[in-house]
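Every heavy atom of this structure was used, including side-chain atoms; hydrogens, water molecules and symmetry mates were not. Reminder, nothing fancy here: chain letters follow the sequence lines and each chain counts from 1.
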2 protein chains.
Amino acid sequence: MFTKFRNKFPISDERWIEYTSYFNRIEAPAKTTLLEEGEVSKKLFIIEKGCIRVWFNNNGKDLTTQFFFENQSVASIESFIKQFPSPVVIETIEPSVIWWISKNDMDKILEEVKEIPELRDRFIDMIFQRTFDYIRHFVSFIKDSPTQRYLTLIEEKPQIIQRVPQHYLASYLGVSTVHLSRIKSKLVHKK
Amino acid sequence: MFTKFRNKFPISDERWIEYTSYFNRIEAPAKTTLLEEGEVSKKLFIIEKGCIRVWFNNNGKDLTTQFFFENQSVASIESFIKQFPSPVVIETIEPSVIWWISKNDMDKILEEVKEIPELRDRFIDMIFQRTFDYIRHFVSFIKDSPTQRYLTLIEEKPQIIQRVPQHYLASYLGVSTVHLSRIKSKLVHKK
DNA sequence: TTTATTTGATAACAAATGTTATCGTTGGCG
DNA sequence: CGCCAACGATAACATTTGTTATCAAATAAA
């Protein structure tokens, strides 16, 4: 699982073995809750196989905010970093193989990583990149119609369309399930 | 302008004097463009007095994505960091007093700051905090009605309501100017 | 002051989107 | 294999929101 990343970490073999040993492998069936609402996040997940969504309950409505797939890392990020109760639930969509690392071990790695200029800069770049992604995402709500957001998703993240049940997709796009169905239907008939 | 921040920077007086000398003061009337669309961002701004908005032209429509006030720093962030053409315009709303620092000088400071653990961690925290803010912002588009978003804004960022012309606010909230007017009117009559 | 520009409210109508309900299909599981 | 739950499509109707146009008020500039 981790060997493919080895060349990206200019650290000693000893460190590498230590760091990778921090990770724990689990297999989770579909619809397994990995983090509950209100729970303080103690684990960061990395997906080897499968697919995860982040969602929360808003007055009885199930609203999905993000999807994650193979090789992506997932956490209730603000909860993980600040050790607040998580406002969101993390849940598998498909049966998944997942590796997790504890907050403590992750902090240990980060402390050391921050002293290595190359890794530290990559870490900072990563955070910035996430920020840019979120900016694009919220701008799309100001700029685009739901139909346009759907088309953009097909272009940019086809995995989501292909692997995620449509009713999860709807709230992610900010529309009702019925309306998403209508959007698809209109697109088909226009063609 | 900068002395009030002095105690937050555990660096030598020499460094402090050097760093603050990088900044340039300008006074700009209302509706001054500080960065044009398509221009590569070379300056980071800090607002001493006044108010700035970030916006872009979308098929002839003026869409505002952010507002900034006293003591906040502003840039077309992705453009500033990656040196891409900026997709957005940065413009004063009120007559403003602004300090700017060049990309080069800022990079110089950052390189040194990254070696000071306390400052480096504060810098990373700042980036994370911005990320969290953007997450909250986009979640509000999934979760809340425009009316609710307006009410939340009154609670959390009253400055925006008080100082920003309403038609800029509308696109920020993701509605038309007419509809924002309706929202206000309904709220008044319900009370 | 006078005038032009900016800003905001409102009405009337059109379009988009939500809600509720029904039905058919699919796929996992006993 | 058969059943049940999950999923998605569709219709009918209600509500929200956008568009265009007009007018009034406030503000800035001449």
Side-chain angles (χ1 to χ4, degrees), chain A residues 27-33 50-51 53 55 58-64 67 91-96 140-151 153-154 160-191, chain B residues 28-32 50-51 53 55 58-64 67 91-96 140-151 153-154 160-191:
Chain A
E27 298 189 12
K31 301 205 177 190
T32 304
T33 296
C51 154
R53 74 182 179 116
W55 66 278
N58 191 53
N59 295 99
K61 284 194 179 150
D62 174 322
L63 301 184
T64 300
F67 300 104
E91 185 181 294
T92 57
I93 293 178
E94 304 172 356
S96 304
S140 77
F141 279 89
I142 291 177
K143 183 182 159 197
D144 298 325
S145 65
T147 303
Q148 188 54 55
R149 280 203 294 284
Y150 179 73
L151 290 171
L153 211 58
I154 292 177
I160 294 188
I161 311 283
Q162 289 150 11
R163 296 171 66 177
V164 169
Q166 194 169 307
H167 58 290
Y168 295 153
L169 205 66
S171 57
Y172 178 78
L173 290 171
V175 297
S176 66
T177 55
V178 175
H179 194 59
L180 177 53
S181 200
R182 266 195 294 241
I183 287 171
K184 285 180 62 178
S185 150
K186 275 200 182 173
L187 287 173
V188 172
H189 292 114
K190 284 269 165 84
K191 285 275 160 90
Chain B
K31 299 204 178 190
T32 305
C51 154
R53 74 181 179 116
W55 65 278
N58 190 53
N59 296 98
K61 282 192 181 150
D62 174 322
L63 301 184
T64 300
F67 300 104
E91 185 182 294
T92 57
I93 293 177
E94 303 172 358
S96 303
S140 77
F141 279 89
I142 290 176
K143 181 181 159 197
D144 298 325
S145 66
T147 303
Q148 187 53 54
R149 281 203 293 285
Y150 179 73
L151 289 171
L153 210 60
I154 294 177
I160 295 187
I161 311 282
Q162 288 151 10
R163 295 171 66 176
V164 169
Q166 193 169 308
H167 57 290
Y168 295 154
L169 205 65
S171 57
Y172 178 79
L173 290 171
V175 297
S176 67
T177 56
V178 175
H179 194 60
L180 177 53
S181 201
R182 267 195 293 242
I183 286 170
K184 285 179 62 178
S185 149
K186 275 200 183 174
L187 286 172
V188 172
H189 293 114
K190 284 270 165 82
K191 285 275 161 84

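Using a 3.5 Å distance cut-off with no hydrogens or angles, the side chains of A:Gln148 and A:Lys143 do not pair a donor with an acceptor.
Considering only side-chain atoms of A:Lys61, the nucleotide from C:dT19, D:dG18, C:dA16 that sits closest is C:dT19. In the set D:dC7, C:dT7, D:dG18, the nucleotide with an atom closest to the side chain of A:Pro165 is D:dC7. Listed nucleotides: C:dT10, D:dG18, C:dG18. Nearest to the side chain of A:Val175: C:dG18.
Put simply, CD on A:Gln166 is 10 Å from P on D:dT10, counting in whole angstrom units. Computed from coordinates, the A:Leu187 CG to D:dA9 P distance equals 12 Å when rounded to whole Å. Atom C1' of nucleotide C:dT7 and atom CG of B:Leu180 are separated by 12 Å, given to the nearest angstrom. Distance B:Leu169 CG to C:dT7 P: 13 Å, rounded to the nearest Å. Rounding to whole angstrom units, CG of residue B:Leu173 and C1' of D:dT17 are separated by 14 Å. Distance CG (B:Asp144) to P (D:dT16): 15 Å, rounded to an integer number of Å. At whole-Å resolution of the value, NE2 in B:His179 and C1' in C:dA15 are 14 Å apart. For A:Arg53 and D:dA6, the CZ to P distance is 13 Å, given to the nearest whole Å.
Comparing A:Ser145 and A:Val178, the nucleotide of DNA chain C nearest to each residue sits closer to the 5' end for A:Ser145.
Here A:Lys184 reaches the OP1 or OP2 of D:dA9: one of its side-chain N or O atoms lies under 4.0 Å away. Here A:His167 reaches the OP1 or OP2 of D:dG8: one of its side-chain N or O atoms lies under 4.0 Å away. Taking 4.0 angstrom as the limit, B:Ser185 places a side-chain polar atom (N or O) nearer than this to OP1 or OP2 of C:dT10.
Residues passing the ring pair (Phe, Tyr, Trp, His ring centres under 6.0 Å) test with A:Phe141 are A:His137, B:Phe141, sequence neighbours excluded.
No cation-pi contact links B:Arg53 to B:Phe67, judged by a cut-off of 6.0 Å to the six-membered ring centre and 45° from its axis.
In plain terms, the two heavy atoms of A:Arg163 and A:Ile93 that are nearest each other are O-CG2, 4.4 Å.
Between B:Leu180 and B:Gln166, some side-chain heavy-atom pair lies under the 4.5 Å cut-off.
Side-chain atoms of B:Arg182 and base atoms of C:dG8 include no donor and acceptor less than 3.5 Å apart.
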